[in-house]
Amino acid sequence: MADIQKLVSVFVAQLLLVLLTLDFTTNAQNLQVGFYRNTCPDLEHIVAMTTYNYISRAPTLAAPLLRMHFHDCFVRGCDGSVLLTSTAKNQAEKDAIPNLSLRGFEVVDAVKSAVEKKCPGVVSCADILALVARDAVLLLHGPFWEVPTGRRDGRVSLASEALRNLPPPFANIAQLKGMFASKGLSVKDLVVLSGGHTIGTSHCSSFTNRLYNFTGKGDADPKLDQNYVAQLKNKCKPGDANTLVEMDPGSFKTFDEDYYTLVSKRRGLFQSDSALLDDIETKAYVTTQAITHGLTFAKDFAESMVNMGNIGVLTGRAGEIRKKCAFVN
Ligand code: HEM
Ligand SMILES: *[C@@H]1O[C@H](CO)[C@@H](O)[C@H](O)[C@H]1NC(C)=O
Ligand SMILES: CC(=O)N[C@H]1CO[C@H](CO)[C@@H](O)[C@@H]1O
């Protein structure tokens, strides 16, 4: 109970701070903080309250909601395509392999219906998802950032594109840099956004290849701390597809800077996490955040989330404003 009260007070304090400091800056992609200030002035309040209602009851929903925004943005830009449901003729992104653990669609749908009641046909699902992801991070004591809005919703969602555009957990540093660069994101964005793995859980299947028979000699990934390998083997037996493991053990429900301490101790869960030690720039960032207890991480994460939120957005008259997030109009 005390925990929830603390959450509420942090949340309300942040909200007030925002209302006091709102500035309406524009950026290159035409997204704008306060885009809906005339057409849906209560938007951010409605999103915050609805998101809070869900996450205060089920804190583990915060992480998949952050991840959902990432998956949306990396496939066809942040256009809400991740929210669309498959049809008889089309397998949507949602049903691609990397979707495995995407959850929380009901939160986005609930926010959308609450928003539709106040301002019908005005606010895109892509914007709602960007706002929900921000509020989810904030509710786990992460940073606040102002979310530029004005995205429109796409009409296309293809499972095959999810596979091609989302980095797999076994990606090496060259692949990761390439995939982020292809979205207009920098190496710094890569190492900063990877810090999203400070919250949430992973299925064993996303990393058991590192524990058993990594090179075909019955061995483990040498880039992983061998004590950690032993712990993980206890949790994940070969072939286990269901068990969930905390990515930042002990504080997977707190958005903190532990991720960098873990990675620097060779305890990053995925090969993609360990890979951040294979490049001079990303390694320097990991080490610095680990040593300084995340001196700049919160601010960096806020900036990189805005960068990610700009990927391939539809604006102006492109796309549509969906009535229901799971279906095109
Ligand atoms: C850099 C490349 C990335 C790779 C290879 C990657 C891969 C993964 C994988 C494999 C999982 C576990 C899925 C499962 O087995 O359940 C996961 C979880 C997660 N990822 Fe990433 N990810 C990346 C970047 C990001 C970014 C940019 C964000 C957000 C800023 C993010 C946020 C999350 C979160 C919050 C979870 C936990 C989800 C939950 O608790 O259900 N990831 N990621
Ligand atoms: C490990 O991999 C090698 C080569 O792929 C294979 O021959 C061997 O049967 C595997 N061992 C186990 C225990 O899966
Ligand atoms: C949440 C979600 O939509 N999960 C789907 C992911 O894709 C598989 C098939 O690949 C579906 O069975 C799941 O329902």
- Any chance you could lay out the side chain to side chain contact (heavy atoms under 4.5 Å, CB included) test for Asn329 and Arg322, step after step, and finish with the verdict? CA-CA 6 Å; Asn329 291 343; Arg322 256 177 240 154; 4.1 Å; yes
- Minimal heavy-atom distance between Ala162 and Ala96, with the atoms involved, is CB-CB, 3.6 Å
- Item | Any Pro249 side-chain heavy atom under 4.5 Å of Leu262 side chain | yes
- Measure the CG-CZ distance between Leu166 and Phe70 for me, rounded to the nearest 0.5 Å. 6.0 Å
- Message: Is the shortest side-chain heavy-atom distance between Gln289 and Thr296 below 4.5 Å?
- Response: yes
- Heavy atoms, side chains only, cut-off 4.5 Å: are His71 and Leu102 in contact? yes
- Task: For residues Thr292 and Glu257, determine if any side-chain heavy atom of one lies less than 4.5 Å from a side-chain heavy atom of the other.
- Result: no
- Salt-bridge test for Lys235 and Glu246: reply yes if a basic N is under 4.0 Å from a carboxylate O, no otherwise. no
- Message: Contact between Ile291 and Tyr260 at the side-chain level, heavy atoms closer than 4.5 Å - yes or no?
- Response: no
- Does any donor atom in the side chain of Asn90 or Thr87 lie under 3.5 Å from an acceptor atom in the other side chain? no
- Query: Honestly curious: do Met179 and Val192 fall in one hydrophobic cluster under the side-chain, below-4.5 Å linking rule?
  - Reply: no
- Message: Taking the six-membered ring for Trp, are Tyr259 and Phe297 closer than 6.0 Å centroid to centroid?
- Response: no
- Looking only at non-hydrogen atoms, find the nearest pair between Gly154 and Leu84 and report the distance. O-CD1, 4.2 Å
- So which heavy atom on Lys112 is nearest to which on Lys323, and how close? CE-O, 3.3 Å
- Message: If hydrophobic clusters are built from ILVMFWY residues whose side chains come within less than 4.5 Å, do Phe35 and Val123 share one?
- Response: yes
- Has the side chain of Thr149 got a donor or acceptor atom that lies under 3.5 Å from a matching backbone atom of Asp127? no
- Message: Using side-chain heavy atoms (C-beta onward) and a distance below 4.5 Å, is Val313 in contact with Asp79?
- Response: no
- Item | Over-ring placement of Arg103 relative to Phe105, 6.0 Å and 45° cut-offs | no
- Donor-acceptor pair, Arg134 side chain versus Ala302 backbone, under 3.5 Å? no
- More than 12 non-hydrogen atoms from neighbouring residues, nucleotides or ligands closer than 6.0 Å to NZ on Lys118, yes or no? no
- List the atom of Ser206, the atom of Phe270, and the distance in Å for their closest heavy-atom pair. CB-CE2, 3.7 Å
- Message: For Ser81, run the side chain to side chain donor-acceptor pair (under 3.5 Å) check against Arg76, Glu161, Glu93, Arg155 and tell me which one passes.
- Response: Glu93
- Cys73 side, atom SG; Asn165 side, atom CG - distance, nearest 0.5 Å: 12.0 Å
- Item | Pairwise distance CG(Leu190) to NZ(Lys183) - rounded to 0.5 angstrom | 14.0 Å
- Item | Gap separating the NZ atom of Lys324 from the CD atom of Glu116, nearest 0.5 angstrom | 9.5 Å
- Enter the distance from Asp221:CG to Tyr212:OH here, rounded to the nearest 0.5 Å. 14.0 Å
- Query: Is Leu129 reachable from Tyr54 through a run of hydrophobic residues whose side-chain heavy atoms are each under 4.5 Å from the next?
  - Reply: yes
- Query: Are a donor atom and an acceptor atom from the side chains of Asp256 and Thr198 found within less than 3.5 Å of each other?
  - Reply: yes
- Query: Can you name the nearest heavy-atom pair linking Ala220 to Leu211, along with the distance?
  - Reply: CB-O, 3.7 Å
- Task: Mind checking the NZ-SG spacing from Lys237 to Cys204? Nearest 0.5 Å is all I need.
- Result: 10.0 Å
- Hydrophobic cluster membership, Val137 vs Met305, 4.5 Å side-chain cutoff: yes
- Task: Step by step, work out the side chain to side chain contact (heavy atoms under 4.5 Å, CB included) result for Leu314 and Asp153.
- Result: CA-CA 7 Å; Leu314 303 173; Asp153 295 323; over 6 Å; no
- Assess the side chains of Asp258 and Thr261: does a donor N or O sit below 3.5 Å from an acceptor N or O? no
- ILVMFWY network linking Trp145 to Leu43, side-chain heavy atoms under 4.5 angstrom: yes
- Query: Should the pair Asp300-Lys188 be classified as a salt bridge under the 4.0 Å nitrogen-to-oxygen rule?
  - Reply: yes
- Message: Check whether Asp189 reaches the backbone of Ser186 with its side chain - one donor and one acceptor, N or O, closer than 3.5 Å.
- Response: yes
- Message: Ignoring hydrogens, what is the shortest heavy-atom contact between Cys236 and Val245? Give both atom names and the distance.
- Response: SG-CG2, 3.7 Å
- So, do Leu244 and His203 sit near enough that their side-chain heavy atoms are less than 4.5 Å apart? yes
- Lys217 backbone acceptor or donor facing Asn213 side chain under 3.5 Å: yes
- Task: Determine, stepwise, if the pair Leu65 / Val108 fulfils side chain to side chain contact (heavy atoms under 4.5 Å, CB included).
- Result: CA-CA 9 Å; Leu65 285 165; Val108 178; 4.1 Å; yes
- Is there a donor-acceptor contact under 3.5 Å from the side chain of Asp225 to the main chain of Arg266? no
- Return yes if some donor-acceptor pair links the side-chain N/O of Arg151 with the main-chain N/O of Leu31 below 3.5 Å, else return no. no
- 4.5 Å side-chain heavy-atom contact, Arg37 and Gln32: yes
- Message: Walk me through whether Ile311 and Leu185 qualify under side chain to side chain contact (heavy atoms under 4.5 Å, CB included).
- Response: CA-CA 8 Å; Ile311 299 173; Leu185 295 182; 3.9 Å; yes
- Check: Phe180 ring centroid to Phe74 ring centroid under 6.0 Å: yes
